[in-house]
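What follows is a single structure, written as structure tokens, with notes after it.
Just follow the structure's listing: the first ligand is 1, and inside any ligand the first atom is 1. All heavy atoms count here, side chains included; hydrogens, waters and symmetry mates do not.
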Amino acid sequence: MALLDTAAPAVPLGGPDLPQERRLVTDLPGPRSAEILARKADAVAAGVGHTVPVAAVAAGGGVVVDADGNSLIDLGSGIAVTTVGNAHPKVAAAVAAQAAQFTHTCFMISPYESYVGVAEALNRVTPGDFAKKSALFNSGAEAVENAIKIARKHTGRQAVVAFDHGYHGRTNLTMALTAKSMPYKSGFGPFAPEVYRAPMSYPFRDGLDGREAAARVILQLEKQIGADNLAAVIIEPIQGEGGFIEPATGFLPALSEWATANGVVFILDEVQTGFARTGDLFAANHERVVPDLIATGKGIAGGLPLAAVTGRAEIMDSPQSGALGGTYAGNPISCAAALSTIETYEKNNLVVRAREIAAIIDEVFTELGASDDRIGDIRGRGAMKAIEVVHPDSTDPNPALTDSVAKFAADHGVVVLTCGTYGNVIRFLPPLAISDELLREGLRVVADGFRTNAPTSATKESQS
Ligand code: PMP
């Protein structure tokens with residue numbers, strides 16, 4: 001400790017060789033992180049928040065190491081991005097090689113092979129065995145915006161339907177598509193017009209089966225908008241920021257069938273669920289739903305900024321030449337990273353690893369849930385799991401306990417994220433490169449967080 005206070009710790013290289021351990025050598029934040037966070041407060045706009053009070057210097061496998069030498073268990077993957085593992089050696093090598101070759105030409109000026117290769121890979125691995133095409137972008141929000149542009153151009157219609165609890169990004173159109181006001185939308189209107197919101201299937205709270213929940217949506221669309229005016233329905237197959245809400249079986253297939261029958265483009269936003277995260281390469285595959293367009297991002301390129309829209313060739317080809325793209329869209333370094341990332345998912349059969357992770361999370365939390373009635377629901381698939389936290393003997397959301405448990409975890413060296421319309425969901429998005437031991441240790445700390453906040457005090461606290 002004394003040494004750390006006076007001498008800078010050697011900065012370790014990230015990647016899987018990083019010691020895979022939870023190690024706290026200071027309180028959090030330690031002095032160096034505290035100094036960097038103080039500079040952040042002075043230099044970075046307040047709207048750019050952060051979750052865990054540490055400044056990262058390295059990450060890999062299942063850990064993030066901070067500037068003071070603390071090693072935290074990573075159960076967030078930088079919001080579902082470093083699914084193959086942070087600083088994955090193949091990704092890092094591909095990035096370094098491409099950076100030494102050329103960093104940018106702009107694909108719209110002089111195209112290059114790696115972009116074409118990523119498009120070919122996406123056309124191959126995404127759901128649907130018809131002719132597909134892809135276009136690449138920089139962020140999930142940009143991909144979603146472009147999916148809507150393409151659907152509108154193709155149909156000649158304007159209206160778009162998104163869902164309660166949905167999250168699609170922070171740009172103007174994606175804010176309009178996003179359900180939750182605070183913190184995403186409040187004060188930023190006016191929002192893009194012709195966006196309508198439909199009720200999501202939320203089995204824990206609505207008690208409807210998939211067909212009933214879909215019938216409720218379809219009735220609303222037909223009566224309030226009219227299918228003839230509707231360009232697209234966009235939905236996350238498992239909602240991410242909204243609370244890892246997994247619709248009842250049959251909901252997605254019924255919506256997709258209705259959209260197809262009515263000439264409405266069915267868009268799946270798999271920015272968070274995509275790329276092995278849910279125990280299949282795409283969450284659509286669990287119910288064999290085939291979208292017309294799929295938006296992807298996050299896990300696509302091992303941490304490099306990249307996103308995509310992939311879908312039926314005749315829809316993708318609707319916009320005129322020059323209508324899609326962007327200066328950096330499909331940057332060659334991101335494309336090189338994506339090619340080795342996608343190869344890693346396939347060669348290492350990471351969908352199986354995601355299912356193994358699911359089994360461990362289920363085991364730990366089913367046991368905890370059996371003895372703690374504040375755990376209202378355990379849901380999600382693969383390495384995308386969550387617990388919904390409620391007040392005892394009710395389904396009333398308990399955001400105060402959720403925050404206390406997340407803070408307890410962070411204080412004890414485990415990065416966990418929260419989410420949900422009611423702020424009462426603890427979500428688990430570990431990198432698939434995490435070891436079983438480290439995952440179990442991280443989950444144990446979260447479980448301790450519940451035990452430390454005993455039911456009686458948790459109830460009092462949340463009511464204050
Ligand atoms: N769609 C979904 C489902 C997401 O989870 C996110 C990011 N959380 C986005 C879109 C936006 O992606 P980005 O932050 O890369 O713009």
When rounded to the nearest 0.5 Å, the distance separating CZ of R197 from NE2 of H165 is 10.0 Å
Identify which one of L350, N349, V351 satisfies the side-chain contact (heavy atoms from CB on, under 4.5 Å) criterion when paired with R353. L350
Check for me whether R312 meets the cation-pi criterion with F130, that is, NZ or CZ under 6.0 Å from the six-membered ring centre and within 45 degrees of the ring axis. yes
Supply the atom-to-atom distance R379 CZ to R427 CZ, rounded to the nearest 0.5 angstrom. 12.0 Å
With a cut-off of under 6.0 Å to the ring centre and 45° to the axis, is K385 in cation-pi contact with F365? no
Give me the ring orientation class for F107 and Y115: parallel if the planes are under 30° apart, tilted from 30 to 60°, perpendicular past 60°. parallel
Measure from every N or O atom of ligand 1 to the protein's N or O atoms and keep only the pairs below 3.5 Å, writing each with atom names and distance to 0.1 Å.
unit_1: ligand 1; atom_1: 1 (N); unit_2: D269; atom_2: OD1; d: 3.3
unit_1: ligand 1; atom_1: 1 (N); unit_2: D269; atom_2: OD2; d: 2.7
unit_1: ligand 1; atom_1: 5 (O); unit_2: Q272; atom_2: NE2; d: 2.8
unit_1: ligand 1; atom_1: 8 (N); unit_2: E241; atom_2: OE2; d: 3.3
unit_1: ligand 1; atom_1: 8 (N); unit_2: K298; atom_2: NZ; d: 3.1
unit_1: ligand 1; atom_1: 15 (O); unit_2: G140; atom_2: N; d: 2.8
unit_1: ligand 1; atom_1: 16 (O); unit_2: G140; atom_2: N; d: 3.3
unit_1: ligand 1; atom_1: 16 (O); unit_2: A141; atom_2: N; d: 2.8

